[in-house]
A.B. asks: 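I have a structure here, written as structure tokens, and I will follow up with some questions on it.
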Amino acid sequence: MFRYAQVFACITAIAFLGGCGKSAPDGADSDVKKLVLQIAKDKLKNRAARKLYEKKTGFTFGLHDRQENYASLKAKAKHDKAAKQVIEAVDRFYEKRLLSLEGIRTESVDDKAIQSKSSAKLHSGTNVFSIRYTAQLDKDGCLKVKLYGLKK
């Protein structure tokens, strides 16, 4: 009976330690990089759509209390010819545009919060942006990334 209790305690300890062994995701991990690139592409598309729409219509968002973005212009494209043309142009441009991350540096790792902070150079054609990002696992083990350094 005592032997059975020892084996059970050992198995329980191994299972418990294995479940708590989650470490912070590395900033250079392929899943983290894919998510950073997707977020960056979305932010760049938002900025391009807003600027093109302003140029095409003469409507300056900064002077009005409205914040248009790619998604809102896409919804508006059903009944707004200018929005439709802008969305088509942005889609064509970013369909061919390759984004890449270079020089990824891990700035800090917090295994307790299951989070890492990194910085890198984001290349988009001839443009290079210095960015920072955090990668974290939430309580369900899902990867969450926040990107800093690109305006919406």
Side-chain angles (χ1 to χ4, degrees), residues 4-55 60-62 64-78 83-152:
Y4 177 77
Q6 281 181 322
V7 171
F8 180 75
C10 184
I11 290 172
T12 303
I14 290 171
F16 178 75
L17 290 174
C20 295
K22 291 181 184 176
S23 61
D26 185 76
D29 179 69
S30 65
D31 288 337
V32 172
K33 290 192 309 186
K34 284 179 192 173
L35 199 48
V36 167
L37 291 171
Q38 183 59 52
I39 293 168
K41 188 174 190 176
D42 291 346
K43 285 188 174 199
L44 290 170
K45 285 173 85 170
N46 279 339
R47 184 167 61 185
R50 194 167 37 252
K51 285 185 177 184
L52 278 173
Y53 191 76
E54 285 180 354
K55 188 175 182 179
T60 307
F61 293 111
H64 299 83
D65 199 22
R66 288 179 41 198
Q67 287 298 318
E68 296 286 357
N69 60 29
Y70 178 86
S72 64
L73 287 172
K74 191 168 186 169
K76 188 187 273 193
K78 295 174 186 169
K84 182 178 180 181
Q85 290 171 343
V86 165
I87 293 302
E88 288 171 352
V90 169
D91 285 344
R92 276 192 310 274
F93 181 79
Y94 280 100
E95 183 179 292
K96 298 174 186 172
R97 182 68 111 196
L98 294 177
L99 300 179
S100 65
L101 289 177
E102 292 183 15
I104 297 171
R105 297 166 305 284
T106 301
E107 305 293 335
S108 67
V109 176
D110 183 347
D111 282 325
K112 189 173 184 178
I114 316 174
Q115 178 183 47
S116 67
K117 295 180 181 180
S118 302
S119 59
K121 297 288 185 191
L122 172 69
H123 291 262
S124 173
T126 59
N127 298 316
V128 180
F129 304 93
S130 293
I131 61 167
R132 294 177 301 112
Y133 55 96
T134 59
Q136 183 173 21
L137 294 179
D138 67 11
K139 65 181 180 180
D140 298 322
C142 296
L143 178 62
K144 303 291 180 187
V145 170
K146 288 185 183 178
L147 176 63
Y148 308 95
L150 288 177
K151 293 182 181 180
K152 289 182 179 180

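Side chains are part of it too, since the values below use all heavy atoms of this structure and drop only hydrogens, waters and symmetry mates. We count residues from 1, following the sequence as given.
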A.B. asks: Could you please spell out the steps behind the side chain to side chain contact (heavy atoms under 4.5 Å, CB included) verdict for V36 and L147?
C.D. replies: CA-CA 7 Å; V36 167; L147 176 63; 4.2 Å; yes
A.B. asks: With heavy-atom distances below 4.5 Å as the criterion, would you say the side chains of K76 and V86 are in contact?
C.D. replies: no
A.B. asks: Between Q115 (side chain only) and T134 (backbone N and O only), is there a donor and an acceptor less than 3.5 Å apart?
C.D. replies: no
A.B. asks: Can you name the closest pair of heavy atoms from G125 and R97 and give their distance?
C.D. replies: CA-NH1, 3.4 Å
A.B. asks: How long is the straight-line distance from NZ of K33 back to CD of Q38, given to the nearest 0.5 Å?
C.D. replies: 15.5 Å
A.B. asks: When rounded to the nearest 0.5 angstrom, what is the spacing between OH in Y53 and CG in N69?
C.D. replies: 13.0 Å
A.B. asks: With the side chain counted from C-beta on, respond yes when L101 and I131 share a heavy-atom pair under 4.5 Å apart, and no when they do not.
C.D. replies: yes
A.B. asks: Strictly distance-based, threshold 3.5 Å: is any side-chain N or O of D140 a donor or acceptor partner for the main-chain N or O of C142?
C.D. replies: no
A.B. asks: First locate atom CG of L122, then atom CG of L37, and finally report the distance between them rounded to the nearest 0.5 Å.
C.D. replies: 6.5 Å
A.B. asks: Take L44 and R47 through the side chain to side chain contact (heavy atoms under 4.5 Å, CB included) test and state the conclusion after the steps.
C.D. replies: CA-CA 5 Å; L44 290 170; R47 184 167 61 185; 3.2 Å; yes
A.B. asks: Just verifying a value: how many Å separate H123 NE2 and L98 CG, rounded to the nearest 0.5 Å?
C.D. replies: 12.5 Å
A.B. asks: May I ask you to decide if R132's main-chain N or O and S119's side chain share a donor-acceptor pair within less than 3.5 Å?
C.D. replies: no
A.B. asks: Show your working on side chain to side chain contact (heavy atoms under 4.5 Å, CB included) between E54 and R50 and close with a plain yes or no.
C.D. replies: CA-CA 6 Å; E54 285 180 354; R50 194 167 37 252; 4.2 Å; yes
A.B. asks: Quick one, K121 and S130 - any side-chain contact, counting heavy atoms below 4.5 Å?
C.D. replies: yes
A.B. asks: If you take all heavy atoms of A49 and L73, which pair is closest and at what distance?
C.D. replies: O-CD1, 3.6 Å
A.B. asks: Answer yes or no: are there more than 12 heavy-atom neighbours, outside K45 itself, under 6.0 Å from its atom NZ?
C.D. replies: yes
A.B. asks: Search all heavy atoms of A89 against all heavy atoms of L52 and return the closest pair with its distance.
C.D. replies: CB-CD1, 4.3 Å
A.B. asks: Minimum heavy-atom separation for Y133 and Y148, please, with both atom names.
C.D. replies: CA-CD1, 4.3 Å
A.B. asks: Would D91 and Y70 count as having a side-chain donor-acceptor pair, cut-off 3.5 Å?
C.D. replies: yes
A.B. asks: At their closest point, which heavy atom of N46 faces which heavy atom of A71, and how far apart are they?
C.D. replies: OD1-N, 4.3 Å
A.B. asks: Which heavy atom of I114 sits nearest a heavy atom of S23, and at what distance?
C.D. replies: CG2-O, 3.5 Å
A.B. asks: Please round to the nearest 0.5 Å and tell me the distance separating atom CG of D29 and atom NZ of K34.
C.D. replies: 9.0 Å
A.B. asks: Contact between S116 and D26 at the side-chain level, heavy atoms closer than 4.5 Å - yes or no?
C.D. replies: no
